[in-house]
Enquirer: 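One structure, as C-alpha cells, below. Some questions next.
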Amino acid sequence: MTFLMNIIKTIFLGIIQGITEWLPISSTGHLILFASIWPLEPAQFFEVFKVVIQFGSILAVIVLYYQKLNPFDKKKTKLKKKRTLQLWSKVIVGVIPAAVIGLLLDNIIESYLSQNFVIAVALITYGIIFILIEKQPRKEVIHTLEQVDYVSALKIGFFQCLALIPGTSRSGATILGGLYCGCSRTVASEFSFFLAIPVMFGASLLKVVKYLMNVGLFSLSQLFILILGTLIAFIVSLYAIKALLNYVKKNDFTLFGWYRIILGIFVILFFYVI
C-alpha cells in the first residue's frame with residue numbers, strides 16, 4: 001500500500017514539476033509545499049527526487065529545440081553552426097554565477113531556506129516585482145537569441161542566482177533578468193529554457209552523488225519512482241513550454257505575478273495562521 005501511495009504521489013509531483021518548472025511560479029516551491037501536506041517518504045529520498053525529476057523537464061527542452069541547440073546538424077550552414085556554438089557559449093557564461101554560488105551554498109539552502117515561510121515570502125516578493133515591471137514602460141531591444149550578447153547573458157546569470165532561494169523560481173528569475181536586459185518576452189523565456197539545461201543537469205548530478213555517498217544505493221522501488229517522476233515531468237513539460245510561448249506572444253507576466261501573491265498568502269494562512 002505504501003508503494004502504491006508513493007506512485008500516486010509521484011504522478012502528482014511529476015505533473016507539478018512539468019507545469020511549474022517553465023512557468024515563473026517556482027517548481028521547487030510547489031514541490032516542497034505539496035510534500036509538506038502529503039510527503040514522499042523518506043525525507044532524504046525526497047530531497048533527491050525533487051531535483052532529479054527536473055531532468056525530465058530538461059529533456060523536454062532538448063527535444064523541442066534539438067535542431068536549434070545542435071551545432072553539428074548537417075542541414076545547417078556554417079553560419080548557422082557558428083551561431084549555435086555562440087548560443088552555447090552565451091549559455092555557459094550565463095550559468096557560471098549560479099553554478100559557483102550554488103555549489104558554495106547548497107548545504108545552507110537545503111538546511112535553512114527550504115521552509116514554507118521562506119517560500120511564501122519569495123512567492124509574494126517576486127510576484128509583486130513581476131507586476132511592477134509589467135506596469136513600467138519598457139523598451140525591447142533584443143528580439144532574437146542571436147542579439148543576446150555576453151554581457152546580457154552574464155547579467156541574466158546573476159539574476160538566476162536569486163532562484164537558489166526556494167519559492168523564487170529559476171525560470172522567473174532568469175525571465176526577469178531577460179526583461180531587465182531588454183529582451184522580448186519570447187527571447188527571455190527561451191534563453192531561460194536553455195540556461196536550465198546545464199544548471200538542472202548539474203544540480204541533479206550533485207544531489208545523486210551526495211545521496212549515494214551519504215545514504216547508499218537506491219532501492220529498486222526508489223529507482224522506479226525516480227524514473228516515473230522524470231517521465232511524467234518530461235511529458236508534461238513538452239506541453240507547458242509550448243503553452244508558455246504561445247501565452248507570452250499575446251500577454252505579459254502580470255497573471256503569474258498575481259498567482260504568486262495569492263499562493264504566497266495562502267501558504268502563510270494555511271501553515272501559520274489557520
Side-chain angles (χ1 to χ4, degrees), residues 19-29 54 57-58 60-62 64-65 68-69 83-84 86-102 122-123 125-165 167-200 203 237 240-260:
I19 294 175
T20 59
E21 179 59 49
W22 306 115
L23 305 184
I25 55 177
S26 178
S27 61
T28 302
Q54 294 177 348
S57 297
I58 298 172
V61 174
I62 294 173
L64 289 174
Y65 289 95
K68 182 174 286 189
L69 293 172
R83 287 177 176 174
T84 303
Q86 287 176 336
L87 173 60
W88 273 111
S89 64
K90 294 169 187 175
V91 167
I92 292 172
V93 168
V95 163
I96 292 173
V100 173
I101 297 176
L123 284 168
T125 300
Y126 289 98
I128 294 172
I129 292 173
F130 263 113
I131 293 172
L132 292 177
I133 282 183
E134 291 293 10
K135 285 185 178 296
Q136 299 298 317
R138 191 174 63 87
K139 185 178 181 180
E140 293 182 0
V141 295
I142 300 176
H143 301 281
T144 66
L145 286 167
E146 288 76 16
Q147 291 177 312
V148 178
D149 57 28
Y150 290 95
V151 174
S152 297
L154 186 61
K155 289 179 180 178
I156 295 171
F158 278 109
F159 269 85
Q160 186 168 229
C161 294
L162 299 172
L164 294 172
I165 301 173
T168 300
S169 170
R170 191 209 57 79
S171 61
T174 51
I175 288 172
L176 279 174
L179 296 178
Y180 170 79
C181 292
C183 295
S184 68
R185 295 183 182 91
T186 298
V187 171
S189 299
E190 289 188 333
F191 196 70
S192 171
F193 299 160
F194 302 155
L195 280 180
I197 296 174
V199 168
M200 292 163 61
S237 289
I241 291 170
K242 292 179 181 178
L244 177 62
L245 291 177
N246 287 331
Y247 178 85
V248 297
K249 287 177 182 177
K250 301 177 181 178
N251 304 277
D252 60 24
F253 291 103
T254 301
L255 178 63
F256 297 113
W258 283 114
Y259 172 83
R260 293 178 63 101

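Quick caveat: nothing in here was measured; it's all calculated off a predicted structure. This chain uses plain numbering: 1 for the first residue, then up along the sequence.
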Enquirer: Report yes or no: does Arg260 contribute a side-chain atom to a donor-acceptor pair with the main-chain N or O of Thr168 at less than 3.5 Å?
Expert: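 Yes, the answer is positive, given that a donor and an acceptor are paired below the 3.5 Å cut-off.
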Enquirer: With side chains defined as the heavy atoms from C-beta onward, is the minimum distance between Leu123 and Tyr259 less than 4.5 Å?
Expert: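 The answer is no; the side chains never approach within 4.5 Å.
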Enquirer: Just to verify, what does Val187 make a side chain to side chain contact (heavy atoms under 4.5 Å, CB included) with, not counting sequence neighbours?
Expert: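 Counting only residues at least two positions away or on another chain, Val187 forms a side chain to side chain contact (heavy atoms under 4.5 Å, CB included) with Ile142, Leu145, Val148, Cys183, Ser184.
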Enquirer: Nearest 0.5 Å, what's the CZ-CD distance between Phe193 and Glu21?
Expert: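 Here the rounded value is 10.0 Å.
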Enquirer: Keeping the roles fixed (side chain from Arg170, backbone from Ser192), state whether a donor-acceptor pair exists under 3.5 Å.
Expert: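 Judged by distance alone, yes, a pair lies under 3.5 Å.
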Enquirer: Scan for ring pair (Phe, Tyr, Trp, His ring centres under 6.0 Å) pairs involving residues 125-151, sequence neighbours excluded, and state none if there are none.
Expert: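 Sorted pair list: Phe130-Phe253.
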Enquirer: Which residue is it: Asn251, Ile131, Leu23? I am looking for the one with a side chain to side chain contact (heavy atoms under 4.5 Å, CB included) to Phe256.
Expert: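 The single option meeting the side chain to side chain contact (heavy atoms under 4.5 Å, CB included) with Phe256 is Leu23.
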Enquirer: Would you compute the distance between atom NZ of Lys68 and atom CZ of Arg83 and round it to the nearest 0.5 angstrom?
Expert: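 Reported value, rounded in 0.5 Å steps: 12.0 Å.
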Enquirer: Can you sort out the partners of Tyr65 under ring-ring contact (aromatic ring centres under 6.0 Å, His included), two or more places apart, ordered by chain and number?
Expert: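 ring-ring contact (aromatic ring centres under 6.0 Å, His included) check on Tyr65 returns Phe194.
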Enquirer: Could you measure the distance from the CD1 atom of Ile175 to the CH2 atom of Trp22? Nearest 0.5 Å is fine.
Expert: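 CH2 of Trp22 is found 10.0 Å from CD1 of Ile175.
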Enquirer: Would you give the length of the straight line joining atom CD1 of Ile62 to atom CD1 of Ile197, rounded to the nearest 0.5 angstrom?
Expert: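 So the CD1 of Ile62 and the CD1 of Ile197 are separated by 5.0 Å.
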Enquirer: Applying side-chain hydrogen bond (donor to acceptor under 3.5 Å, both in side chains), can you list everything that pairs with Arg185, at least two apart in sequence or on another chain?
Expert: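 For Arg185 the side-chain hydrogen bond (donor to acceptor under 3.5 Å, both in side chains) partners, ignoring immediate neighbours, are Glu134.
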Enquirer: With rounding to the nearest 0.5 angstrom, report the CD1 to OG distance, Ile19 to Ser27.
Expert: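 Taking CD1 in Ile19 and OG in Ser27, the distance rounds to 11.5 Å.
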Enquirer: Under the side chain to side chain contact (heavy atoms under 4.5 Å, CB included) rule, collect the residues that match up with Ala60, sequence neighbours excluded.
Expert: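 Once residues adjacent in sequence are excluded, the partners of Ala60 under the side chain to side chain contact (heavy atoms under 4.5 Å, CB included) criterion are Phe234, Ser237, Leu238, Ile241.
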Enquirer: Under a 3.5 Å threshold, yes or no: a donor from one side chain and an acceptor from the other, between Thr28 and Ser26?
Expert: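 Judged by distance alone, the side chains do not pair up.
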Enquirer: Run the side chain to side chain contact (heavy atoms under 4.5 Å, CB included) test against Ile101 and tell me which residues pass, sequence neighbours left out.
Expert: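 For Ile101 the side chain to side chain contact (heavy atoms under 4.5 Å, CB included) partners, ignoring immediate neighbours, are Leu105, Cys161, Leu164.
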Enquirer: Are Tyr180 and Ile156 side-chain neighbours, meaning at least one heavy-atom pair lies under 4.5 Å?
Expert: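 No, every pair of side-chain atoms sits at 4.5 Å or beyond.
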Enquirer: Can you measure from OG1 (Thr186) to OH (Tyr247) and round to the nearest 0.5 angstrom?
Expert: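 Here the interatomic distance stands at 13.0 Å.
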Enquirer: Out of the candidates Leu176, Ile96, Thr174, only one should pair with Gln160 under the side chain to side chain contact (heavy atoms under 4.5 Å, CB included) rule; please name it.
Expert: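 One option only clears the test, and that one is Thr174.
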Enquirer: Tell me the closest heavy-atom pair linking Ser189 and Leu244, and the distance in Å.
Expert: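 Looking at all heavy atoms of both residues, the closest pair is OG-CD2, 4.4 Å.
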Enquirer: For the residue pair Asn246 and Lys249, establish whether any side-chain heavy-atom pair is separated by less than 4.5 Å.
Expert: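 With C-beta onward as the side chain, the pair touches.
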Enquirer: Test your reading of the model: is there a side-chain donor-acceptor pair from Ser89 to the backbone of Gln86, 3.5 Å cut-off?
Expert: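 Such a contact is found between Ser89 side chain and Gln86 backbone.
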Enquirer: So Pro198 and Ile92, do their side chains get closer than 4.5 Å, heavy atoms only?
Expert: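 Heavy-atom side-chain distance check fails, nothing below 4.5 Å.
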Enquirer: What heavy-atom pair brings Pro24 and Gly172 nearest, and what distance separates the two atoms?
Expert: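 Looking at all heavy atoms of both residues, the closest pair is CB-CA, 3.5 Å.
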Enquirer: Is a side-chain N or O of Lys135 found less than 3.5 angstrom from the main chain of Thr254, in a donor-acceptor match?
Expert: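 No, because the side chain of Lys135 does not come within donor-acceptor range (under 3.5 Å) of the backbone of Thr254.
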